[in-house]
*Asks:* 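This is the structure, below, for whatever I ask next.
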Amino acid sequence: MHQATRVLEIAFSDGRSFKIPFELMRVYSPSAEVQGHGPGQEVLQTGKRHVGISGVAPVGNYGIQPTFDDGHESGIFTWETLYKLGSQQEALWAQYEERLQAAGVDRDAPMAPKAASGCASH
């Protein structure tokens, strides 16, 4: 992890290596908090340009669980997910920017307050 530039540098056995911005990891976190519980339930993340990672825990042999300094810590990033984030950065950034534009929000806008959930378990 490179804290000053806020990127995770990772290399894979196929010889490819990537520098994945923490912001990209945060806005595409595989957690239910970000992805929702099904298609169309994704929560657009904003205000994450300067997000940091304060810690990383290994998860078995299949990935890592970063703790972001905005309190988000529920996403488990498999090696496959990290490879996708690294190899598809350009397309993922473009998708993110399209979603921001469609929502009429700026990348640096603070996150909207969470709506009250009808689910008693949340």
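Computed over heavy atoms, backbone and side chain alike; hydrogens, waters and symmetry mates excluded.
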*Asks:* Under 3.5 Å, side-chain donor or acceptor atoms of residues 57-66 against the rest of the protein: list the pairs with distances, not counting sequence neighbours.
*Replies:*
{"unit_1": "Gln65", "atom_1": "NE2", "unit_2": "Glu73", "atom_2": "O", "d": "2.7"}

*Asks:* Quick one: closest heavy-atom pair of Ser87 and Arg16, and the distance?
*Replies:* CB-NH1, 3.9 Å
*Asks:* Determine, using the 4.5 Å side-chain heavy-atom cutoff (strictly less than), whether Val56 and Phe77 are members of one ILVMFWY cluster.
*Replies:* yes
*Asks:* More than 12 heavy atoms of other residues, nucleotides or ligands under 6.0 Å from CD of Gln41: yes or no?
*Replies:* yes
*Asks:* How would you list, by chain and number, every residue that makes a side chain to side chain donor-acceptor pair (under 3.5 Å) with Glu9, sequence neighbours excluded?
*Replies:*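 Partners of Glu9 under the side chain to side chain donor-acceptor pair (under 3.5 Å) test: His2.
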*Asks:* May I ask you to test the Leu82-Ile20 pair for a side-chain heavy-atom distance under 4.5 Å?
*Replies:*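 They are in contact (side-chain heavy atoms under 4.5 Å apart), so the answer is yes.
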*Asks:* Is it true that Leu100 and Met25 fall in one hydrophobic cluster, defined by side-chain heavy atoms closer than 4.5 Å?
*Replies:*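 Same cluster.
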*Asks:* Is the ring centre of Phe12 less than 6.0 Å from the ring centre of Tyr83?
*Replies:*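 Ring centroids of Phe12 and Tyr83 are less than 6.0 Å from each other.
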*Asks:* Would you check if the side chain of Glu90 reaches a backbone N or O of Gln88 as a donor-acceptor pair within less than 3.5 Å?
*Replies:* no
*Asks:* State, with a plain yes or no, whether a side-chain heavy atom of Ile53 is found less than 4.5 Å away from one of Asp69.
*Replies:* no
*Asks:* Side chains of Arg6 and Pro21, heavy atoms from C-beta outward: is any pair under 4.5 Å?
*Replies:*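 SC-SC contact between Arg6 and Pro21 ruled out.
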*Asks:* I'd like to check the salt bridge (charged side-chain N to carboxylate O under 4.0 Å, His left out) partners of Arg107; sequence neighbours left out, ordered by chain and number.
*Replies:* Glu23
*Asks:* Return the set of residues passing salt bridge (charged side-chain N to carboxylate O under 4.0 Å, His left out) with Arg49 (not counting sequence neighbours), or none when no residue passes.
*Replies:* Asp108
*Asks:* How about Gln3: does its CD atom have over 12 heavy atoms from other parts shown lying under 6.0 Å from it?
*Replies:*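 Yes, because the 6.0 Å sphere around CD of Gln3 holds more than 12 heavy atoms from other groups.
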*Asks:* In Å, rounded to the nearest 0.5 Å, how long is the span from CD of Gln45 to NZ of Lys48?
*Replies:* 5.5 Å
*Asks:* Give a yes or no on whether Val27 and Met111 share a hydrophobic cluster (residues Ile, Leu, Val, Met, Phe, Trp, Tyr; joining criterion: side-chain heavy atoms under 4.5 Å apart).
*Replies:*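 Different hydrophobic clusters.
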*Asks:* Can you list the residues that meet the side chain to side chain donor-acceptor pair (under 3.5 Å) rule with Thr78, with sequence neighbours excluded?
*Replies:* Thr81
*Asks:* Within the 4.5 Å heavy-atom criterion, are Leu8 and Phe18 side-chain neighbours or not?
*Replies:* no
*Asks:* So how far is it from His72 NE2 to Ser29 OG, rounded to the nearest 0.5 Å?
*Replies:* 3.0 Å
*Asks:* List, by chain and then residue number, the residues other than Val34 in its hydrophobic cluster (Ile/Leu/Val/Met/Phe/Trp/Tyr, side-chain heavy atoms under 4.5 Å); write none if there are no others.
*Replies:*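 Members besides Val34: none; it forms no cluster.
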*Asks:* For a 4.5 angstrom cut-off between non-hydrogen side-chain atoms, does Arg26 reach Asp70?
*Replies:* yes
*Asks:* Can you tell if the side chain of Phe68 reaches within under 4.5 Å of the side chain of Ser54, non-hydrogen atoms only?
*Replies:* no
*Asks:* Quick check on the hydrophobic clustering: are Ile10 and Val7 connected, directly or via other members, by side-chain heavy-atom contacts under 4.5 Å?
*Replies:*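 Different hydrophobic clusters.
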*Asks:* Is there side-chain contact between Val105 and Leu44, with at least one heavy-atom pair below 4.5 Å?
*Replies:* yes
*Asks:* Could you tell me whether a side-chain N or O of Tyr28 sits under 3.5 Å from a main-chain N or O of Leu92, the two making a donor and an acceptor?
*Replies:* yes
*Asks:* Looking only at heavy atoms, what is the nearest atom pair of Glu33 and Ser74, with distance?
*Replies:* OE1-OG, 4.0 Å
